[in-house]
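Report on the structure given below.
Every value quoted in this text rests on a predicted model; they were computed, and no experiment measured them. So that the names make sense, note that chain A is the first sequence line, chain B the second, and so on, each numbered from 1.
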Amino acid sequence: MDFNIALAQIKPKLGCLRDNLALVEAAIERGIREKADLILFPELALTGYFLKDLVPDIALRLDSPEIARLKKLSSRIAIAVGFVEATSDYRFFNSAIFLDGGEIRHLHRKVYLPTYGLFDEQRYLARGERFRAFDSRFGRMGMLICEDFWHLSAPYILAMDGATTLLCLSSSPGRGLSESESLGSSIAWQRLTATTATFLNARVIYCNRVGFEDGINFWGGSEAVSPSGVATARAKLLEEDFVVAAIQEGELRRERIFSPLMRDENLPLTLRELQRIDAEGGQR
Amino acid sequence: MSRLSVNTRLLRRIVVDFVREEILKTGLKRGVLGLSGGIDSALVAFIAAEALGPENVHAVCMPYKSSNPESEAHARIVAQACGINFTVVPITPMVDAYFESFPDADNMRRGNKMARERMTILFDHSALHGALVLGTSNKTELLLGYGTLYGDMASALNPIGDLYKSQVWQLSEEMGVPREVIEKKPSADLWAGQTDEQELGFTYREVDELMYCMVDLRMTTEELIKEGFADDFIANVQGKIKNSHFKRRLPIIAKVSNRTIDRDFRYSRDWGK
C-alpha cells in the first residue's frame, strides 16, 4: 500500500527521559497533523547516545508508564522509536519498538554493539540475539539499529524473512572531514542505504539524530530510499528536521519486476555453504 | 598539503555549531578567550563571534613587557574585524612580582608562569561575564605537547583542538581572519624573536603531514619511511607525542574503591544536557 512516513530528526538531551519523551510526543503530534501513517525516530531517541554509566538509570521496562503513553499514541499513528530496554533479569538492551493500534507489534534488540574507535556499547549493553521480520499494515518490515545495518547478513536475513521495508534507527556520529562536500560518515551511510536497498529490492528508511554530545556531532541526513536505491526524501544535514516521505507501493512492484534479485536468491544454497563454513570451523 | 586539505565550509559549520550548542546547553550564552595576536586565537574569535554573536564574546589580550607590540596591535585588529569585546590586561606586574623571589628562573619557567597567569585571568573573566573559556590549542600543538599544562591548554571547550595547524590556516582563510595574522610566522611570543618552527626544529606543514599519516591513518614506521619521512624525524615526533601524553589526560587517581572517577565512574560531560 502507499503510505506516508515521517522522519523525526530530533536532538535528544543526554540522559533526560522526561524531556526526550516530550520531544518525541511533540513530533508524534506533528506527524499526526501532517497526515503521516508511520513516524520513525532515531536510535536511543528517548535517552541520547553516549550514556555510559547512565544506562541503568534511564532504562525502561516494556511495561513502564512511558512506553504505555507511546502505545496509547500509536492508536493514531504507527511509531518506531529507540530507547534503552530493561528486562526483569536486569539486562539492558539498545532496543527499538514498533507500535501500532495501541500495542507493541515488534521489538528489536540491537545485535551488533559497536565497541571500537569512539564507540563503547558492549561495555554497557547486552546484545540482542535475533533478526526477525514482522507484518504491519504497511507490509512486511524489519527493524535494524545503526551498526546492525553494517553487517550484510542482518538486512539480508530480514529481506529473506520477507521484509520489503527496512527501518533503520541511527545515532551516527559525524566524522571524517575531507575535501568532499560531505562528511565521511554521511557518504558511507548514503552508499550503504542505497546499495542495501538495491541488493535486496527493499525500501530503506533511515532516521538519524542531530546535536552534540561532548563535542561529537550527529549529522542527521535521515532519508527514504526506494527499492531501486534512489533517495526520494532526505532531511537536512546537521540540524533538526521533520520530513514526511510518500512511500509508493508501485515503486516496490516495478523494481521487483525489473530486477528480481530477491526472487532468484537461493536460500538452500546459501544455507549449505554457511553450514559447510561453520563445520570447517571458521570463515577462512 | 592535499591529504590535510578539507572542505572549509563544512568544517566552519561544524565548529560554529559546536561552540553554539555546547555553550547554550550549559545555560550560558557567552564565551571568553585570550587573544594573543596569533592565528589560533584569532580563528577561535571568529568562530565564537559567528556562533554566539560578537556582543557575547569577550577577548582579553594579556601582554607581558617583553611581548612583541605587534601582537597586541594584531589582537586589536582581530577583535575589530569580528566585532567582539576587547580588553587588555597586562600581566607584567604579577609575573614580575613573583620572579622577584626567583630571579634566576629560566625562560621555560617564566613562559609557563606567564601562560598560567593568563589562564587565571581568563577564568576570572569567565566568572565576571558568565562566559565559558574557549580553548585555542590546535591538534598539532596538543599532540606535540607544545603548550603549558593548566596554562594555554586550559579551557572549557575547544573548537580547534582536532584541527592541524595547516587546517587552522585553511579555515582562517575561509572565515576572513585578517591577512597579516594569517601570514605572520607562528610564535609563542614568550621572548623576543621566538618562533615556533625555529624552536621545534621543523615546519608545521612537515609535521602536520607526518602526524596525519601517523595518528589519523595509523601508518607503521616502515610505511612512514616509504612515504618519504626521515626516520629521525619520525622518532623525534613519536617521542614528543609519547612524552607529552600526560598533558592530554586528567591527573591519575590512586584506585582504592569500586568506583573511581573516570575509571569505573563514567559519564559524559554533557550528562543531563
Atom pairs (donor, acceptor) spanning chain A and chain B, under 3.5 Å:
unit_1   : atom_1 : unit_2   : atom_2 : d
A:Lys11  : NZ     : B:Glu21  : OE2    : 3.2
A:Leu14  : N      : B:Lys273 : O      : 3.1
A:Leu14  : O      : B:Gly272 : N      : 2.8
A:Phe50  : O      : B:Ser268 : OG     : 2.8
A:Asp53  : N      : B:Arg266 : O      : 3.0
A:Asp53  : OD2    : B:Arg259 : NH2    : 2.6
A:Asp53  : OD2    : B:Arg266 : N      : 2.8
A:Ser178 : O      : B:Asn7   : N      : 2.7
A:Glu179 : OE2    : B:Ser5   : OG     : 2.5
A:Ser180 : O      : B:Asn7   : ND2    : 3.0
A:Glu181 : OE1    : B:Arg9   : NH2    : 3.4
A:Glu181 : OE2    : B:Asn7   : ND2    : 3.3
A:Phe212 : O      : B:Lys25  : NZ     : 2.5
A:Asp214 : N      : B:Glu22  : OE2    : 3.4
A:Asp214 : N      : B:Asp270 : OD2    : 2.6
A:Asp214 : OD1    : B:Arg269 : N      : 3.0
A:Asp214 : OD1    : B:Asp270 : N      : 2.7
A:Asp214 : OD2    : B:Arg269 : N      : 2.8
A:Gly215 : N      : B:Glu22  : OE2    : 2.7
A:Leu237 : O      : B:Arg13  : NH2    : 3.2
A:Glu239 : OE2    : B:Arg13  : NH2    : 3.1

Is the count of non-hydrogen atoms from other residues, nucleotides or ligands lying under 6.0 Å from [X] atom [atom1] greater than 12?
{"X": "A:Leu118", "atom1": "CG", "answer": "yes"}
{"X": "A:Leu152", "atom1": "CG", "answer": "no"}
{"X": "B:Ile261", "atom1": "CD1", "answer": "no"}
{"X": "A:Arg69", "atom1": "CZ", "answer": "no"}

Interface moiety of A:Leu183 toward chain B, non-hydrogen atoms closer than 4.5 Å: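 For A:Leu183, heavy atoms of backbone and side chain both lie under 4.5 Å from chain B.
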Not counting sequence neighbours, which residues clear side-chain hydrogen bond (donor to acceptor under 3.5 Å, both in side chains) with A:Ser170? List them please. A:Tyr206
Side chains of B:Leu10 and A:Leu237: does their closest heavy-atom pair fall under 4.5 Å? no
